[in-house]
Student: 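Quick one: structure below, then a few questions.
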Amino acid sequence: MELSKPRGTRDFLFEEMNQRKQVEATLKKVFETYAYQEIKTPLFENLSLFTIKSGEQIVEQLYNFKDKNERELTLRPEITAPVARLYMSNMQKSPKPIKMYYYGSCFRYERPQKGRYRQFWQFGCELIGGKTPEADAEIITMASQSLEKLGLEGYEIHIGHLGIVRGLLKEAQVEESHQEQIMVLIDKGDVEELQNFLKEVDMDYETTNILLMIIEMKGGCEILDNLRAKINDKKMVLDALDEFSQLLKTLNDFGVGDFGRNTKFVINLGIARGLDYYSGMVFEIYVPKLGAQKQICGGGSYNLIENFGGEKVGSTGFAFGFDRLMGALIHQNKELKSDGAANIFVAPISNATRPKSFEITQKLRNAGISTEVDLGRRKFKKILTYANHIGARYVILVGEKDLLEGNITLKNMETGDQEEIPVDNIVEHVLKLI
RNA sequence: GCCGGGGUGGGGUAGGUGGUUAUCCUACGGGACUGUGGAUCCCGCGACUCGGGUUCGAAUCUCGGCCCCGGCCCCA
């Protein structure tokens, strides 16, 4: 029998799970304060959902399979497409904007590496309809605030806008397949390869110059002005620049985009995000200290729904790579509390007091207090040792002598102090303590 | 898909030029200790990643698989 777990998967034990739950709870809270509501979609989908727009070659990276009725299915590699599908079938006529968030695992058949697993978790959101620079700004604000609440340090939010390059290429009447190729090269950040390609397709001098400039543009607000000065009358590009400027201004209004003092924001026109359904604003968040797995978040505005044949509706979304986010927090030794299993341990001193112990235990549980009682018929000393090891904060000693006077002994495991408490007052007494 | 480093009780390790019963720490179970935990001592439990090869004999040498770690490619 094969008892090992499949390659690229992980088990999460108590401590790690507690930490993950804490981060999950924090993110949920932030997203909900921005009026997003949680949804859940299936772990597997029809294979075609992911091949329609991404092409057949992505099947290489999917956990796909046929079910017993020969249906072509796949474990989901991401959650944006399932959300778009869900929107198409249930929400097309819902009032806009629709704000949804999700948390769940995704699967990719890739070589496992640091910060990359075959089952991994994404925590993300989609805002469908009502897409404006202001909406984009709110989304970035939410991503930023999530990280602030988590106490993450040393991250950078890189913001770009695909409308600038796309507009430039359209104005230059570059043919579509070349446009795609250029986007891919920009995403890779390979200047040399881009140069060669532009030469190969006889790109005009001015466009080449601007493209080569854009790919390396990183910095503060001044970048947009610099670029604007170089663009004469290319309307599509100027529109995109205006939109970008409005986004940045709104970030300021939300109180997070202060580029002068806050170096965490970087305008980065070299972001392209490989996917062809991204259209306007794009952003990625990096934690440079993490090296190869530094990207912890990515997103942008897209028109996936149009590509699925729906009505045109502007949408924006992003997702945290939850595992990498955890990695970043742990890397900086961020203290994440890890509660023990029980606050109270009820320890019968002799077998005669076991029935009374169970009764007391249940009273505490009914009051919502996490309580454990010895079920192992162990000796009193062993019970205390065990209670100590699992980190119980208090132990209730149930002994015959005390019971004769209607008392139990409450022991504080941290200090060792103990006091006698009337059995009838246990619950209210304990509630005051924890 | 490519390159490199690894895999010894539950966790962490020693051994490695082939040779008795594989080291130590910790954890776990029991005891010393019949109403008081974290200490000490004793006893117990428990491992050479899997398969083939060389050999009288393999944890050790060799080949392959699996898995882990790091770096590329990729990352919709």
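Throughout, a chain's letter reflects where its sequence line sits, starting with A, and its residues are numbered from 1. Every heavy atom of this structure was used, including side-chain atoms; hydrogens, water molecules and symmetry mates were not.
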Student: Among A:F120, A:Y117, A:Y63, exactly one meets side-chain contact (heavy atoms from CB on, under 4.5 Å) together with A:F107. Which residue is that?
Tutor: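 Considering A:F120, A:Y117, A:Y63, a side-chain contact (heavy atoms from CB on, under 4.5 Å) with A:F107 is found only for A:Y63.
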
Student: Considering only the C1' atoms, how many Å lie between B:A58 and B:G52, rounded to the nearest integer?
Tutor: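 Their C1' atoms lie roughly 13 Å apart.
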
Student: Taking atom P in both B:G9 and B:G46, what distance in whole Å separates the two?
Tutor: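 Approximately 14 Å lies between the P atom of B:G9 and that of B:G46.
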
Student: Can you tell me, in whole Å, how much space there is between the C1' of B:U20 and that of B:G57?
Tutor: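 The same atom, C1', in both gives a distance of 12 Å.
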
Student: Which whole number of Å gives the distance between the P atom of B:U55 and that of B:G1?
Tutor: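 Between the two P atoms, the distance is 35 Å.
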
Student: Could you state the CG-P distance from A:L62 to B:C74, rounded to the nearest angstrom?
Tutor: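 Checked: the CG to P distance equals 18 Å.
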
Student: Tell me the interatomic distance from A:E110, atom CD, to B:C2, atom P, rounded to whole angstroms.
Tutor: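 Between P of B:C2 and CD of A:E110: 16 Å.
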
Student: Classify the ring geometry of A:F123 against A:Y101: parallel below 30°, tilted from 30° to 60°, perpendicular beyond 60°.
Tutor: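 It falls in the parallel class, under 30°.
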
Student: Select base, sugar-phosphate, or nothing to describe what A:G8 touches, counting heavy atoms under 4.0 Å on all strands.
Tutor: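 Since only primed, P, OP1 and OP2 atoms lie under 4.0 Å of A:G8, the category is sugar-phosphate.
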
Student: Indicate whether OP1 or OP2 belonging to B:G29 is found under 4.0 Å from a side-chain N or O atom of A:R378.
Tutor: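 So the side-chain polar atoms of A:R378 do come within 4.0 Å of the phosphate oxygens OP1 or OP2 of B:G29, strictly under.
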
Student: Is A:E78 touching bases, backbone alone, or none of the nucleic acid, heavy atoms closer than 4.0 Å?
Tutor: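 Since no nucleic acid heavy atom lies under 4.0 Å of A:E78, the category is nothing.
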
Student: Take the protein atom CZ of A:F318 and the nucleotide atom P of B:C75, then report the distance between them rounded to whole Å.
Tutor: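 That distance rounds to 22 Å.
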
Student: Round to a whole Å and report the spacing from NZ of A:K382 to C1' of B:G30.
Tutor: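 Taking atom C1' of B:G30 as the reference, NZ of A:K382 is at 6 Å.
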
Student: Distance check, C1' atoms only: B:U13 and B:A47, in whole angstrom units.
Tutor: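 B:U13 and B:A47 have their C1' atoms separated by 12 Å.
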
Student: Could you give the distance separating B:U21 and B:U62 at their P atoms, to the nearest angstrom?
Tutor: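 Each nucleotide's P atom is 25 Å from the other's.
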
Student: How many Å lie between CD on A:Q122 and P on B:C75, as a whole number?
Tutor: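 My rounded result for the distance is 15 Å.
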
Student: Quote, to the nearest angstrom, the C1' distance that separates B:A59 from B:G19.
Tutor: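 Comparing C1' positions in B:A59 and B:G19 gives a spacing of 13 Å.
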
Student: Which atoms of nucleotides 33-37 of chain B (N or O only) lie under 3.5 Å from a protein N or O atom, and what are those distances?
Tutor:
{"from": "B:C33", "atom 1": "O2", "to": "A:K381", "atom 2": "NZ", "distance (Å)": "2.7"}
{"from": "B:G35", "atom 1": "O6", "to": "A:E400", "atom 2": "N", "distance (Å)": "3.4"}
{"from": "B:G35", "atom 1": "O6", "to": "A:K401", "atom 2": "N", "distance (Å)": "2.2"}
{"from": "B:G35", "atom 1": "O6", "to": "A:D402", "atom 2": "N", "distance (Å)": "3.4"}
{"from": "B:G35", "atom 1": "N2", "to": "A:D402", "atom 2": "OD2", "distance (Å)": "3.0"}
{"from": "B:U36", "atom 1": "O2", "to": "A:K411", "atom 2": "NZ", "distance (Å)": "3.1"}
{"from": "B:U36", "atom 1": "O2", "to": "A:Q418", "atom 2": "OE1", "distance (Å)": "3.4"}
{"from": "B:U36", "atom 1": "N3", "to": "A:Q418", "atom 2": "OE1", "distance (Å)": "3.1"}
{"from": "B:U36", "atom 1": "N3", "to": "A:Q418", "atom 2": "NE2", "distance (Å)": "3.0"}
{"from": "B:U36", "atom 1": "O4", "to": "A:Q418", "atom 2": "NE2", "distance (Å)": "2.8"}
{"from": "B:G37", "atom 1": "OP1", "to": "A:K381", "atom 2": "NZ", "distance (Å)": "2.7"}
{"from": "B:G37", "atom 1": "N1", "to": "A:M413", "atom 2": "O", "distance (Å)": "2.5"}
{"from": "B:G37", "atom 1": "N2", "to": "A:N388", "atom 2": "OD1", "distance (Å)": "2.6"}
{"from": "B:G37", "atom 1": "N2", "to": "A:M413", "atom 2": "O", "distance (Å)": "2.8"}
{"from": "B:G37", "atom 1": "N3", "to": "A:N388", "atom 2": "OD1", "distance (Å)": "3.4"}

Student: With A:R20 as the cation and A:F12 as the aromatic partner, state whether NZ or CZ is under 6.0 Å from the six-membered ring centre and within 45° of the axis.
Tutor: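 Pair A:R20/A:F12 counts as cation-pi.
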
